[in-house]
Each structure stands twice: as C-alpha cells, then as structure tokens.
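I have placed the structure first, in the form of structure tokens, so that the comments after it can refer back to it.
The basis for the numbers below is simple: all heavy atoms, side chains too, and nothing from hydrogens, waters or symmetry mates. Proteins come first, then strands; the chains are lettered A, B, ... in the order of their sequence lines, and each starts at number 1. Predicted model only: the values in this text are computed from it and were never measured.
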Amino acid sequence: MKIIMHIDVNSAFLSWTSVENIKTGRGPDLRNVPSIIGGDSATRHGIVVAKSIPAKKYGIKTADTVASAFQRCPDLVMAPPDHGLYTRYSREMMQYIRSYTDMLEQASVDECYIQLDLPTRDAALAIAYQIKDGIRNKLGFTVNIGISDKKVLAKTASDFEKPDKIHTLFSEEIPDKMWHLPIETLFMAGKSSSAKLRGLGIRTIGDLANSDPTIIEAHLKSHGRMLYAFANGIDDRDVNPVREEPKGIGNSETTSHDIRTVEEAFPLIKRLSASVSARMEKKGYLAGTIVLEIKFSDFTKCSRQTPCRFAVKSSEEIENYAIRLYQEIMEQNLGRSIRLIGVRAVKLVKSEELPPEQLSISDIIKPTYKKDQKLQKTLDMIRDKYGESAIHKGKDNINF
DNA sequence: TCTGGGGTCCTAGGACCC
DNA sequence: TCTGGGGTCCTAGGACCC
C-alpha cells in the first residue's frame, strides 16, 4: 500500500542552533527553556523566526516582533539566525532519510515528504520510528512524522502533539482527529482565507468540510475549492522527488533606516544586483526579465518589471535594468520614503540551453523597454504625419 | 512594540491577434 | 464606421508557505 510521510524538524532553527552549541560547547541548549531565534531590532530585522516549545506556552508566535515576545516573557533567551548552519543540518538530515528511500521531496529547509510502498500500516509505523529515532540518535535533534496516504493529511498529522512524536491521519480518522481543529490550522488557510471563512460562519476544519462547496468557491475562487478538498482529505498531489527548476532568483533587504534619496538607494540596488548575479552564475542561469520591488515606510508595496533585450546574468546588466525600474517607480511616488528594496531575476533560462536563434532580427528590433522605444516613437511620428498605412511590418514575426 | 527574507501560485485587467 | 468573441501573453498585486 502507498504510504506518504511528512517529516518535520521540531523548532528547526532553534534545535539546530542548540545541537551546534552542544557540539562546540559555546552556548546553551535552547530547547527546554523559553527561547527564540530572532533578528536584530536595531536594524529593523526584529521578528521571531523560531520559538522553543516552552516559548510557545507564553503565546509567542513565529513572525511576532522580538519586542512583543520579550513583553510576553522577559526571561526569554534569544539567539541570532544562522542560515549557513541550517543548510548544513538540513543536508545531513535529507541524506540520512534518503538511506530509506529516494522517493523524497524536500518541501523546505526543515521538512520533506517521502513515499513508500509497504504491506501494512504497522510496517509504516515501524519505519517511521526507525527514521525518527535514527535522526535523534545520529544527528542530535528531534522530528515529528505524520503518516497517511495523502500529502495534506501527512502534513497535518506531523503538526499534532510535539516534539519527537509520530501520528497517523488516514481518511477514516479525519472526523476524529482533524475536524475539531480551528480553520486557521488547515494547510493553505492563511489570514485572509480564514477571515473570509469565519465570515461565513466556518470556525473549524469540520465546518468547512461539511459546508456547501459552491458557496465556498463563490467567495474564495479556486483557492476555496482547494481548501474544501483539503478539509475532506482530498489531495491528489504526488510526492515528486525531482528537483524543480527555480522560477526566479532574488534578494531583498530591509534597511536600518528609511531610504529617501537616490544616493542611498543606488548602492543597495548595486549590492542586491551583484548578489543575484552571483547566485545565477553559480547555478548557470540567465534572466529574461528583471523585477524591482519596493516596500514603502507605510508598508505598502510596489513592483515593476521589464523584459531584458537579451537574457542577462552580469551584475552590471541587472543593475541597469533595476535602476531604471527604481526611477520609474519613484517618478510615480515622489517624496515617499522606502523601507525595503528587492531585486529579482525571473524568466530564467539555463545558460547552455540558450539557442543561437537568440540573436534573431526580431529580438533586436522588438522594443522591450518603455523608456527605450525610440523605434516605436519614430514609427508613431511617421504614422501621425503620413497615416497608419505609411509604414508597416515587412514580415509577420517582426513586431513593431 | 514596530513589523525578515526566500520563494510559488493565482487573478484581474489590458494589449494584441484572428 | 461600428461591432464581437475567443485565445494568449504580459503586468501588478495579493495570498500563501517556511
């Protein structure tokens, strides 16, 4: 029988920091005291990235501000994030789990799905215990494992009682184990969807499962259809062990103080472009489109994108596009101060897959940037003066 | 008290083509 | 001069995940 497991590290960032502290003897075990991994408030990075189980008992939640976490618990212990460390521990864990099966899909740095074909549910439980205890004994941290034959149910089950626990959630267990949970705990039911569902009188996952799906869909579109299916344990997503190509590569940064001038903005855009370029280079991608994102000091967001004339990868090229987009945004938002700038490369192509036809005449002639449409302007002028039929394309695949 | 950074997917509206 | 519907692509914004 097909078995899907969801394996999730308990308080991952916090556990991994603790294991490293124990190894190096340079810090405390944070797991059994109220503690958080948090950013630096002085540089406006002050949010909770991970919390210990004791910290959770104070009502501290991920993405709370560090300040509010300390208000809830003045004795809180805090450590800074270390993403390099997390990547190392993540690799070790995935490698260990692969010794059981290659049918592994990594869902994030600290969680994965595996799919197994086993004779019985008892066999599934036995293997889950082996994996859980193996990780604890060999790597020094604990995981929760959810077992089912559906991804969404395995995922939900792994979030039941923690830490170091295994739970099953098969279809016939749904009414008992899942339907009493608040709607907010359903996978993919975030703030906005939950609020809409509450507005419809839906308070639990069971309420949603037993509601009228046409009403749900009328209010939440295709997302509503998906949530209704999840609430009923319907999920045909497969465990996909093939690493998907990334759709985009980007970096953004919240600045320690608001940006008000181009003199402050340009160096940051330059740095972000250099970082994006280096990451693309490393993975062998070129970008077909560059996106610039801005978060203003009132937290409203704004983004602009532009296709590149030719696929780009160099820091200078990315920076040029990004700066023009920045100027375009700021022309429309004169005098506003900025909290965050992001640069993102999308429409990625593998560098070795670039066809030689890339440099075709239509690529050269096709105007791709608003501010650079000299050709278009000239054409418009001619048409204004001599009429629409005065000039036209000589070949179908050349778009004026 | 003062709100991160990395992503993916969906939708609505407009442009453009047939 | 006006009418039109379907399909596709692009952009900006929003929702969601960890």
ask   = Which residue pairs satisfy the side-chain hydrogen bond (donor to acceptor under 3.5 Å, both in side chains) criterion with at least one member in residues 264-274 of chain A, sequence neighbours excluded?
value = A:E253-A:R271, A:T261-A:E264

query = Contact class for A:F70 (heavy atom, under 4.0 Å): base, sugar-phosphate, or nothing?
reply = nothing

query = Relative to A:F160, does A:K165 satisfy both conditions: NZ or CZ under 6.0 angstrom from the six-membered ring centre, and within 45 degrees of the ring's axis?
reply = no

message = Just the rounded figure in Å: distance from C1' of B:dG5 to CD of A:E253.
response = 10 Å

ask   = What's the NZ-C1' distance between A:K301 and B:dT3, to the nearest Å?
value = 12 Å

inquiry  = Rounded to whole Å, how long is the line connecting atom NZ of A:K295 with atom C1' of B:dC2?
reply    = 12 Å

query = Counting only side-chain N and O atoms of A:N251, is one of them less than 4.0 Å from OP1 or OP2 of B:dG6?
reply = yes

task = Please tell me which of the listed nucleotides, B:dT1, B:dG6, C:dC18, lies nearest to the side chain of A:S252?
result = B:dG6

note = Rounded to whole Å, NE2 of A:H45 lies from P of B:dG4 at a distance of 8 Å

remark   = Contact check, residues 149-165 of chain A vs DNA chain B, heavy-atom distance under 4.0 Å, returns none

query = Rest of the hydrophobic cluster containing A:L340 (Ile/Leu/Val/Met/Phe/Trp/Tyr, side-chain heavy atoms under 4.5 Å)?
reply = none

remark   = A:R72 atom CZ is separated from B:dC2 atom P, nearest whole Å, by 15 Å

inquiry  = Going by the rule salt bridge (Lys or Arg N to Asp or Glu O under 4.0 Å), which residues pair with A:D82 if we only count those two or more places apart in sequence or in a different chain?
reply    = none

ask   = In whole angstrom, what separates A:D64's CG from B:dC2's C1'?
value = 12 Å

Parallel, tilted or perpendicular: rings of A:H6 and A:Y113 (30°, 60°) = tilted

message = In this structure, how many angstroms lie between the C1' atom of B:dG5 and the CZ atom of A:R271, rounded?
response = 14 Å

key: Aromatic plane relationship, A:F13 with A:Y86 - under 30° parallel, 30 to 60° tilted, over 60° perpendicular   = parallel

inquiry  = Holding to salt bridge (Lys or Arg N to Asp or Glu O under 4.0 Å), I want the full list of residues that pass it with A:K150, two or more places apart in sequence or in another chain.
reply    = none

Results of salt bridge (Lys or Arg N to Asp or Glu O under 4.0 Å) for A:R72 - residues two or more places apart only = none

message = Run A:E20 and A:R26 through salt bridge (charged side-chain N to carboxylate O under 4.0 Å, His left out) and show every step you take.
response = CA-CA 8 Å; A:E20 188 70 5; A:R26 274 188 292 214; 5.6 Å; no

ask   = Apart from A:V346 itself, what residues make up its hydrophobic cluster when side-chain heavy atoms of I, L, V, M, F, W and Y under 4.5 Å apart count as a link, directly or indirectly?
value = A:V291

task = Please determine, for the side chain of A:T65, which listed nucleotide (C:dC18, B:dG4, B:dC2) has the closest atom?
result = B:dC2

Heavy-atom donor-acceptor pair, A:N144 side chain to A:D164 backbone, under 3.5 Å = yes

task = Using heavy atoms and a sub-4.0 Å distance, could you list which residues of residues 179-209 of chain A are near DNA chain C? By number, please.
result = A:F187, A:M188, A:A189, A:G190, A:K191, A:S192, A:S193

Dot-bracket encoding per residue of DNA chain B, Watson-Crick/G-U cut-off under 3.5 Å, | denoting interstrand = ....||||||||||||||

Just the table, please: protein N/O against nucleotides 7-9 of chain C N/O, every pair under 3.5 Å.
none

Distances under 3.5 Å between protein N/O atoms and the N/O atoms of nucleotides 10-13 of chain B, please, pair by pair.
{"residue": "B:dC10", "atom": "O3'", "partner": "A:S222", "partner atom": "OG", "Å": "3.2"}
{"residue": "B:dT11", "atom": "OP1", "partner": "A:S222", "partner atom": "OG", "Å": "2.7"}
{"residue": "B:dA12", "atom": "OP1", "partner": "A:K221", "partner atom": "NZ", "Å": "2.6"}

All N/O donor-acceptor pairs, side-chain side in residues 186-194 of chain A, below 3.5 Å, sequence neighbours left out:
{"residue": "A:S194", "atom": "OG", "partner": "A:A189", "partner atom": "O", "Å": "3.4"}
{"residue": "A:S194", "atom": "OG", "partner": "A:G190", "partner atom": "O", "Å": "2.6"}

inquiry  = Under a plain distance cut-off of 3.5 Å, with no hydrogens placed, do A:E317 and A:S314 share a side-chain donor-acceptor pair?
reply    = yes

inquiry  = By the 4.0 Å heavy-atom rule, please label A:P81 as base, sugar-phosphate, or nothing.
reply    = nothing

key: Heavy atoms of other groups near A:K56 NZ, more than 12 under 6.0 Å   = no

